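Remarks on the structure that follows.
Just so you know, residue 1 is the first one in the sequence shown, and it goes up from there. Only heavy atoms go into these numbers, but all of them, side chains included; no hydrogens, no water, no symmetry mates. What you are looking at is a predicted structure, and each value in this text was computed from that prediction instead of being measured.
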Amino acid sequence: MVAKKHDRRATTDVLLRVRGVVQGVGFRPFVHRVATQLGLRGWVRNDAEGVLIRAVGPARVVTALERALKSDAPRAAFVERVEVIQATSSGKATASPFEIVASGPAGVQASAAIAPDLALCPDCRRELLDPRDRRHLYPFINCTQCGPRYSILERLPYDRPNTTMRAFRMCPACGAEYADQGSRRFHAQPNACPVCGPKVVLHTAAGKPLSGREAVDGAALLLSDGRILAAKGIGGYHLMVDARNDAAVAELRRRKHRDEKPFAVMFPDLAAVRLAAEVSDQEGELLSSAAAPIVLLRRRAQAQLAQAIAPANPWVGAFLPYSPLHVLLLGAFGRPVVATSANLAEEPLCTEENEAHQRLAGIADAFLDHDRPIAHPVDDSVVRLSAKGPLRLRRARGYAPCPLRLPEAVHGSWLCVGAQMKNTIAVASGDRVVLSPHIGDLDAQSTRAVFKRTASTLGRIHNSKFTQVVCDRPPDYASTIHARASGLPCVAVQHHLAHVLACLLEHGRRADGVLGVAWDGTGYGEDGTIWGGEFLLLQKGAARRFGRLRPFRLPGGEAAIRDARRTALALAHAAGDPGLWTLGRRLQFSDAEAGLLGAMLTRRINSPVTTSAGRLFDEIGRAHV
């Protein structure tokens, strides 16, 4: 029996489970191609847990397939692990020739990782610009290695009927590509062409709508005239304007009610970025990657960009066209454009045509729309390069949703609802947690609606019946209120402890024997004060506050957060400075105002205690200005 088990000539019948980002990235066609080349029999399919493979053939050949799954996977895939879940040996093959079969049942809890949206690949770009290609200048060209993924997905597994592309029936030519194992579009779920796919249209205040190439050229002409364009992309609308036109950029600021916060700039190509900013090799790779994030770059003094893009800021947030529609628009315009999220301050991203036309009526002069529905709003990711590599300041398109491996498995399925500001939702099940893209601040009702919809959608995609909800401690946070109202067992985690644990998870470190330093703006502390400058010691499954910044009071509470002058007075009071009136005059407070604030601090009236580093930075920033 032992000799037979190790007989390399024996036929092995193996079920392989592949986990990771393996749906929506051309993984099944890749497996089919490799298995066919190796002469294996069997099948490959998507299911709720990832990809399942039945491989039948000589043991050494099956082993070669296992190696290829890890070493030769498609560029956009991430193979977390390959598991042998069933194996038998026999003298002959019993399976049919290797094929891609229908996806497995979705009636179980889904744990497959969802692929993020991917920037246009070089092969599709060549076809897009090739006059001989049938998809020449088609704004929705894609293949297994690029195009929309999470933004069109409604449920797992990742098959066309489970996406918003189900509204578009493939024409015979696209259907033939989809079925051709030699094609780049073999089982490409968003596959489409000008005959059967989504269409683009330009709406202006005057005249009938323009479609196709005329729409793109018309949009470029509007940008040349200094007009503001709302353009629908992969995950939502951008507001666009000529990045070299000072008046146009200033007008966008006025209409959008955005006084100083920098605008991102989309450049036609990498050469154009290099003219405006200093770009290292690694930054160039980030800009050109499949994630195509906004990258913060040092702006050149001679850059031909409007000063109003980033007032008094030496950095510029640069990115490249990542969808074919962006490539065509920037190609027709020929210059960089401001490309900022299409919303008012604190509002969520616009994703649907009627909504965009209504909400942006006072901002945009024209709308470049398309009819491919967006299932989930997805903002642009923001990255900055540090000495130790890329720092993801906003994890969204191209990077999320993304799975992170937990140090140990959780029981059941957890919904993690995040904090009030810069909110992100996560779903934890088994030994993984999947993060949603950046949602935003939950102050506005419209953003809270997106938050609730994202929580519901992640549950539906993963077919999860949540057994527990995890939230922040402040009882008045919208996310905490949502968690408490869910009726599920609720676990509250201190804000800064969550920051430390998240950092450990991102870097694959266990939470033991660690001193975490969390400098932040506001966090509900274990002692009822406002934390924000904490040193937390994590040992043997427990965490304690090891150290902190010196406490001081905030006169007026939230009012001091909005007005850093109050923080200056508070710091002077905490230091024992008797000259509050003199300082108050320098800060342009009246004597009465300075006296009132001083009394509030002395009598401890509406002046909560804080250790917040963020409040210190507020005052330092104000002093610098």
Side-chain angles (χ1 to χ4, degrees), residues 19-24 46-50 106-117 148-159 162-164 234-236 348-349 351 373-379 381 394-406 409-419 422-440 442 447-472 477-483 485-491 493 498 502 505:
R19 300 185 186 275
V21 181
V22 290
Q23 292 191 20
N46 282 343
D47 65 13
E49 297 181 63
V108 297
Q109 181 173 304
S111 59
I114 308 165
D117 300 294
R149 296 296 188 267
Y150 171 74
S151 63
I152 62 171
L153 181 64
E154 295 181 327
R155 64 186 60 83
L156 287 171
Y158 178 73
D159 292 321
N162 294 336
T163 74
T164 61
I234 286 180
L349 200 61
T351 59
I374 295 172
H376 321 291
V378 185
D379 219 326
S381 293
R394 184 167 71 197
R395 188 189 292 261
R397 177 190 50 76
Y399 294 117
C402 62
L404 293 172
R405 187 82 174 268
L406 294 169
V410 301
H411 298 290
S413 180
W414 299 6
L415 172 64
C416 310
V417 296
K422 298 179 175 59
N423 181 270
T424 297
I425 292 173
V427 173
S429 62
D431 63 352
R432 289 191 303 178
V433 59
V434 176
L435 305 180
S436 79
H438 165 84
I439 294 173
L442 301 184
T447 311
R448 293 196 292 272
V450 172
F451 160 83
K452 293 176 181 178
R453 191 163 66 244
T454 303
S456 175
T457 297
L458 285 177
R460 185 173 69 250
I461 286 177
H462 289 275
N463 202 32
S464 293
K465 295 187 181 301
F466 295 121
T467 59
Q468 185 166 283
V469 61
V470 183
C471 65
D472 208 335
Y477 278 8
S479 53
T480 305
I481 293 170
H482 179 84
S486 69
L488 295 170
C490 190
V491 175
V493 179
L505 180 63

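- Here the side chains of L406 and L505 are in contact, with some heavy-atom distance below 4.5 Å.
- Of all heavy-atom pairs spanning V417 and V469, the tightest one is CG1-CG2, 3.8 Å.
- Between S436 and L458, the shortest heavy-atom contact is CB-CD1, 3.9 Å.
- Without hydrogens or angle criteria, S151 side chain to G235 main chain gives no donor-acceptor distance under 3.5 Å.
- A donor-acceptor pair under 3.5 Å is absent between the side-chain atoms of H438 and the main chain of K422, judged by distance alone.
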### Task
Start with the C-alpha gap between Y158 and I152, add the side-chain angles, then the distance that decides, and say whether side-chain contact (heavy atoms from CB on, under 4.5 Å) holds.
CA-CA 10 Å; Y158 178 73; I152 62 171; 4.2 Å; yes
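- Checked by atom type and distance alone, the side chain of S413 never pairs as donor or acceptor with a backbone atom of K465 at under 3.5 Å.
- Contact check for W414 versus V427: no side-chain heavy atoms found under the 4.5 Å cut-off.
- Here the side chain of D117 pairs no donor or acceptor atom with the backbone of G398 at under 3.5 angstrom.
- Not one N or O on the side chain of D379 forms a donor-acceptor pair closer than 3.5 Å with the backbone of P437.
- In this structure, T454 contributes its side chain and V450 its backbone to a donor-acceptor pair below 3.5 Å.
- With a 4.5 Å cut-off on side-chain heavy atoms, I234 and Y150 do not count as touching.
- Among residues two or more places apart in sequence or in another chain, the side-chain hydrogen bond (donor to acceptor under 3.5 Å, both in side chains) test is passed with R448 by Q445.
- Checking side-chain atoms of Q23 against main-chain N and O of G50 turns up a donor-acceptor pair under 3.5 Å.
- A heavy-atom distance below 4.5 Å is not found between the side chains of Y477 and L442.
- A search for side-chain hydrogen bond (donor to acceptor under 3.5 Å, both in side chains) contacts involving R395 returns E506, not counting sequence neighbours.
- In terms of heavy-atom proximity, N423 sits nearest to I425 at OD1-CG1, 3.8 Å.
- In this pair, H482 and F451 present their aromatic rings perpendicular. The plane angle is above 60°, beyond the 30 to 60° band.
- Without hydrogens or angle criteria, T351 side chain to P377 main chain gives no donor-acceptor distance under 3.5 Å.
- For the pair T164/I374, no side-chain contact is recorded, criterion being any heavy-atom separation below 4.5 Å from C-beta on.
- Contacts of R405 classified as side-chain hydrogen bond (donor to acceptor under 3.5 Å, both in side chains), with partners at least two apart in sequence or in another chain: D431.
- The backbone N or O of R397 sits less than 3.5 Å from a side-chain atom of S381, completing a donor-acceptor pair.
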